[in-house]
Amino acid sequence: PASRQDIFAQADGTVVHVAVDHGAAIHQDELLVRMRNDALDAEVLGLLERQTTTREQIEAKQLTLVNTKSLSSVEETLLAGELAQLREAAKSIEQQLQLLRTKQEQLAVRAPGDGVVLTWDAANQLLQRPVQRGQVLMTIADPSGEWELELQVPERQIRHVLEAERQAEATEVLFTLKSHPGEEFMGRLVEVQRMAEVRGDEGNAVLVRVAIDKRQLPEVPSETTVVAKLHCGSRSLGYVWFGELLDKLAAVRFRWL
């Protein structure tokens, strides 16, 4: 699916539960990941204890004020001031607790909308591991929208694609599905990344995105392997036959020099 969304951690913590796996259909507000933050829990516990103590002190002061016959006016004034301070302290503690509870709620990461989980083996990647606020936990996608191919073009071949793209020739892409080797489908080149990365056995490769019409495909899951041919214009027959070999020889000669 072309419409994807990364799911980020909203707070620091340790992942204690991963509720979904690759390919799972999820719905808005569904729990994806639950984290724990021991320091946050300890802070909440400390505030709750302070809150209990403060409430007990307020009740004691109020009970004393009720029996005003045994108090002088000075003692009554001092007691009223202490009671006001305790009530302010109780209000401050409640505000702090609300803030910490909001942070605790952020430890439960929920789906922002309906979709499908694209991340492989999320539980193995995340479970019992510390994560930081802003870290990507997983990726979800909307399978009902547009779909695309992600092709890994070896860096040594990408210059042909870039040259054809500049000349508005590299628009047609033919591909086959690993699950349906006898059928051929068509797509359209839409983006070529400008940076190569190490990707699998191919070594340095450049990511190329191809728009496709999902309606022309058989029923397949996301992350299906494809083999594609990018049409980069016309070349001499000799270059078509031996161009890749010449490129390899040139690269070896360059490294030797």
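Put simply, the side chain of Thr119 gets close to the backbone of Thr139: a donor and an acceptor are under 3.5 Å apart. Checked by atom type and distance alone, the side chain of Asp142 never pairs as donor or acceptor with a backbone atom of Ser3 at under 3.5 Å. No donor-acceptor distance shorter than 3.5 angstrom exists from the side chain of Asp29 to the backbone of Pro112, with no hydrogens or angles considered. No donor-acceptor distance shorter than 3.5 angstrom exists from the side chain of Arg50 to the backbone of Gly46, with no hydrogens or angles considered.
Under the 4.5 Å side-chain contact rule for hydrophobic residues, Leu31 and Leu127 do not share a cluster. In terms of hydrophobic clustering, with Ile, Leu, Val, Met, Phe, Trp and Tyr side chains grouped at heavy-atom distances under 4.5 Å, Met35 and Val136 are assigned to different clusters. Criterion: ILVMFWY side-chain heavy atoms under 4.5 Å apart, direct or through other members. Under it, Leu47 and Leu40 are part of a common hydrophobic cluster. Tracing side-chain contacts under 4.5 Å through hydrophobic residues (I, L, V, M, F, W, Y), one never reaches Met186 starting from Leu230; they form parts of separate clusters. In the hydrophobic cluster analysis, where Ile, Leu, Val, Met, Phe, Trp and Tyr join through side-chain heavy atoms closer than 4.5 angstrom, Met138 is grouped apart from Val16.
One finds no salt bridge joining Asp6 and Arg4 here, because no Lys/Arg side-chain nitrogen approaches an Asp/Glu carboxylate oxygen to under 4.0 Å. Note on Arg110 versus Glu30: no salt bridge recorded, every NZ/NE/NH1/NH2 to OD/OE distance being 4.0 Å or above.
Residue Glu197 holds its CD atom at 9.5 Å from CG of Asn204, rounded to the nearest 0.5 Å. The CG atom of Leu149 sits 11.5 Å away from the OG1 atom of Thr225 when rounded to the nearest 0.5 Å. In this structure, NE2 in His17 is found 12.0 Å from CG in Leu126, a value given to the nearest 0.5 Å. Interatomic distance, Gln10 CD to Leu107 CG, rounded to the nearest 0.5 Å: 10.5 Å. Residue Leu217 holds its CG atom at 5.0 Å from CZ of Phe175, rounded to the nearest 0.5 Å. Taken from CG in Asp12 to NZ in Lys103, the straight-line distance is 9.5 Å, to the nearest 0.5 Å.
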Without placing hydrogens or testing angles, list every side-chain donor-acceptor pair under 3.5 Å for residues 86-95, not counting sequence neighbours.
from, atom 1, to, atom 2, distance (Å)
Ser92, OG, Gln96, NE2, 3.2
Glu94, OE1, Gln51, NE2, 2.8

Which side-chain N or O atoms in residues 206-214 pair as donor and acceptor under 3.5 Å with protein atoms at least two apart or in another chain?
from, atom 1, to, atom 2, distance (Å)
Arg209, NE, Glu191, OE1, 3.3
Arg209, NH1, Glu148, OE2, 3.0
Arg209, NH1, Glu150, OE2, 2.7
Asp213, OD1, Arg215, N, 3.1
Asp213, OD1, Arg215, NE, 3.1
Asp213, OD2, Arg215, NH2, 3.3

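Within the 4.5 Å cutoff, the side chain of Lys178 has no heavy atoms near those of the Val227 side chain. Ile7 places none of its side-chain heavy atoms less than 4.5 Å from the side chain of Val33. Two residues are said to be in side-chain contact when any heavy atoms from C-beta on lie closer than 4.5 Å; Leu79 and Thr64 meet this criterion. When side chains are defined from C-beta on, Thr176 does not count as touching Pro181, because their heavy atoms never get closer than 4.5 Å. Between Val226 and Leu151, the closest side-chain pair of non-hydrogen atoms falls below 4.5 Å. Residues Glu56 and Thr52 are in side-chain contact: their nearest non-hydrogen atoms beyond the backbone lie under 4.5 Å apart. A heavy-atom distance below 4.5 Å is not found between the side chains of Thr14 and Val131. Within the 4.5 Å cutoff, the side chain of Val190 has heavy atoms near those of the Arg188 side chain.
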Review point. Where do Ile140 and Val116 land on the side-chain contact (heavy atoms from CB on, under 4.5 Å) test, with the steps shown first?
Key: CA-CA 5 Å; Ile140 63 173; Val116 172; over 6 Å; no

Practice item. Report the C-alpha separation of Ile158 and His160 in whole Å, then their side-chain angles, then the decisive distance to 0.1 Å, and conclude whether the side-chain contact (heavy atoms from CB on, under 4.5 Å) test is met. Key: CA-CA 5 Å; Ile158 198 63; His160 303 298; over 6 Å; no

Practice item. Given side-chain contact (heavy atoms from CB on, under 4.5 Å), test His231 with Leu174 step by step and report yes or no. Key: CA-CA 8 Å; His231 288 242; Leu174 296 179; 3.6 Å; yes

Point to revise | side-chain contact (heavy atoms from CB on, under 4.5 Å) assessment of Leu137 paired with Phe8 | key: CA-CA 6 Å; Leu137 301 177; Phe8 299 93; over 6 Å; no

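When every heavy atom of Gln216 is checked against every heavy atom of Phe185, the shortest pair comes out as O-CE2, 3.3 Å. For Pro1 against Pro143, the heavy-atom pair with the smallest separation is CG-CA, 3.9 Å. Nearest heavy-atom pair, Thr224 versus Leu177, reported as atom, atom and distance to 0.1 Å: CG2-CD2, 4.3 Å. Across all non-hydrogen atoms, the minimal contact from Asp21 to Ala122 is OD1-N, 4.2 Å.
There is a side-chain donor-acceptor pair under 3.5 Å between Gln104 and Asp41.
Heavy atoms of other residues, nucleotides or ligands lying less than 6.0 angstrom from CD of Gln135 number more than 12. Annotation: Gln132, atom CD; neighbour count of heavy atoms from other residues, nucleotides and ligands within 6.0 Å does not exceed 12.
With sequence neighbours left out, the side-chain contact (heavy atoms from CB on, under 4.5 Å) criterion links Arg194 to Leu162, Glu165, Val192.
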